[in-house]
J.: 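Below: one structure in structure tokens.
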2 protein chains.
Amino acid sequence: EDVVIRGVAVDKNQAKVTIAGVPDKPGIAAQVFKTIADANINIDVIVQNVSEKGFTDISFTVGSTEAGKAAKVLQPVVKNIGAREVTATEGIAKLSVVGIGMRSHPGVAAKMFETLAATGINIGMISTSEIKISVIIALADAEKAARAIHDAFGLSGK
Amino acid sequence: EDVVIRGVAVDKNQAKVTIAGVPDKPGIAAQVFKTIADANINIDVIVQNVSEKGFTDISFTVGSTEAGKAAKVLQPVVKNIGAREVTATEGIAKLSVVGIGMRSHPGVAAKMFETLAATGINIGMISTSEIKISVIIALADAEKAARAIHDAFGLSGK
Ligand SMILES: C[C@@H](O)[C@H](N)C(=O)O
Ligand SMILES: C[C@@H](O)[C@H](N)C(=O)O
């Protein structure tokens, strides 16, 4: 299957919320997202990695003005589930390389990350799907990053 | 936009690799995935959450027989970048709820996670896209989880 990179997408309407130190046991993620759903907050990306010593972090992104509200409604949940803290961060953007056939081409992710590194841009979070590799970066880096990725993948003109 | 849940997908051809304690600075993810690309290992999901005190973990999933090889080729990188360790884990499965309009319906994620909790299933990793919410769970839980999600979303017969 050939890789076809369709383009680069930049989403500046992003802010992130991280609940740090959640216990890794059934029911925790359910409480977090039930609280967010009840507050009618739309979620974009959700990221949870493996736990260490029984604890992990859950992060998710929301619209750029929603993170404060999300963190506020989660305060009581942080207490209930025995998590460490919840933090809201603005000033971020989501940068995605969009294409088909990426799953069978690990070189695409490597090239994207190498391009960001060569441009001096730090990757805050990574999330992938069959058709997209997305990273969370600083909002201030978004334009520079998109241009560098465009050039690296020969997308100019798209 | 209405939510349309199309179905539940179970992928049992999964194993995960975690590089724990990587420094959060430009170029690190590039080195990891360049090494994996050079070894011709196909990657499925990549997950990296925010760093704490300057370090974070990077996890990715591969075919169920590839994790050992991936961890082996990453050993030198772990040393080079000053990470703590790399581990390979088999016996996992990826369970996804597939649908459209999910981004604007945080209730879908909540319902999926609540169903898994009610079935006593622990969520190991979470990754999302516009059309999918995926969790990594124990392989032994996959069938039970898929049935419970089917019922909860009224998908029987699909
Ligand atoms: C951390 C969180 O995902 C937990 N493992 C759960 O199942 O809810
Ligand atoms: C952790 C890793 O993603 C690092 N921040 C990088 O940019 O490569």
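Per chain, numbering begins at 1; letters A, B, ... match sequence-line order. Keep in mind that this is a model prediction, so the values were computed, not measured.
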J.: Residues of residues 60-80 of chain B under 4.5 Å from chain A (heavy atom pairs)?
T.: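 Counting heavy atoms that sit under 4.5 Å from chain A, no residue of residues 60-80 of chain B is involved.
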J.: Heavy-atom cut-off 4.5 Å, strictly under: side chain, backbone, both or neither for K111(B) against chain A?
T.: neither
J.: Applying a strict under-4.5 Å side-chain criterion to I, L, V, M, F, W and Y, I'd like to know whether I137(A) and V10(A) cluster together.
T.: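 Yes: a chain of side-chain contacts under 4.5 Å links I137(A) to V10(A).
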J.: Are V17(A) and I81(A) connected in the hydrophobic side-chain network, where two residues link if heavy atoms are under 4.5 Å apart?
T.: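 Yes, because V17(A) and I81(A) connect within a single hydrophobic cluster, where side-chain heavy atoms sit under 4.5 Å apart.
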J.: Could you pull out the closest heavy-atom pair between T128(A) and S127(B), with the gap in Å?
T.: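 Nearest pair, atom of T128(A) first, then S127(B): O-OG, 3.6 Å.
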J.: Which one, I131(A), D24(A), I126(A), I121(A), leads in non-hydrogen pairs under 4.5 Å with chain B?
T.: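 The option with the most such pairs is I126(A).
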J.: Measure the spacing between NZ of K25(B) and CG of N122(A) and express it to the nearest 0.5 Å.
T.: 10.0 Å
J.: Between chain A and each of T89(B), I136(B), I43(B), count heavy-atom pairs under 4.5 Å; write down the option with the most.
T.: I43(B)
J.: What are the two closest heavy atoms between I46(B) and A109(A), and how far apart are they?
T.: CD1-CB, 4.1 Å
J.: What distance do N49(B) atom CG and K16(A) atom NZ have between them, rounded to the nearest 0.5 Å?
T.: 8.5 Å
J.: When only pairs under 4.5 Å are counted, which of K132(B), M112(B), M125(B), E130(B) shares the most heavy-atom pairs with chain A?
T.: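 Option with the greatest count: M125(B).
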J.: With respect to chain A, which residue among S134(B), G107(B), S59(B) yields the maximal number of heavy-atom pairs within a distance under 4.5 Å?
T.: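 Top option by heavy-atom pairs under 4.5 Å: S59(B).
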J.: Does I123(A) reach the side chain of P26(B), with side-chain heavy atoms less than 4.5 Å apart?
T.: no
J.: Report, one line per pair, each donor and acceptor closer than 3.5 Å where one atom sits in a side chain of residues 29-41 of chain A; sequence neighbours left out.
T.:
from	atom 1	to	atom 2	distance (Å)
K34(A)	NZ	D38(A)	OD1	3.0
K34(A)	NZ	D38(A)	OD2	3.1
T35(A)	OG1	Q31(A)	O	2.7

J.: Please determine, among T18(A), D57(A), V108(A), the option with the most heavy-atom pairs under 4.5 Å with chain B.
T.: D57(A)
J.: Membership question, hydrophobic clusters at under 4.5 Å side-chain separation (ILVMFWY): are V50(B) and V50(A) in the same one?
T.: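 V50(A) clusters together with V50(B).
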J.: When heavy-atom pairs shorter than 4.5 Å are enumerated against chain A, which of A20(B), G27(B), G124(B), S129(B) gives the highest number?
T.: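 Winner by heavy-atom pair count: G124(B).
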J.: Heavy atoms only, distances under 4.5 angstrom: which of A110(A), P106(A), S51(A) has the most pairs with chain B? Name it, please.
T.: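 With the most close heavy-atom pairs to chain B, the winner is P106(A).
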J.: Report yes if the side chains of V47(A) and Q48(B) come closer than 4.5 Å at any heavy-atom pair, otherwise no.
T.: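 Sidechains of Q48(B) and V47(A): no contact.
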J.: Among V45(A), T56(A), D44(A), which residue has the highest count of heavy-atom pairs closer than 4.5 Å to chain B?
T.: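 Result: the option with the highest number of such pairs is D44(A).
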J.: Are V8(A) and V3(A) joined in one hydrophobic group, where the rule is that I, L, V, M, F, W and Y side chains link up if heavy atoms are under 4.5 Å apart?
T.: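 V8(A) and V3(A): one cluster.
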J.: Is there a path of hydrophobic side-chain contacts, each under 4.5 Å between heavy atoms of I/L/V/M/F/W/Y residues, joining M102(B) to L155(B)?
T.: yes
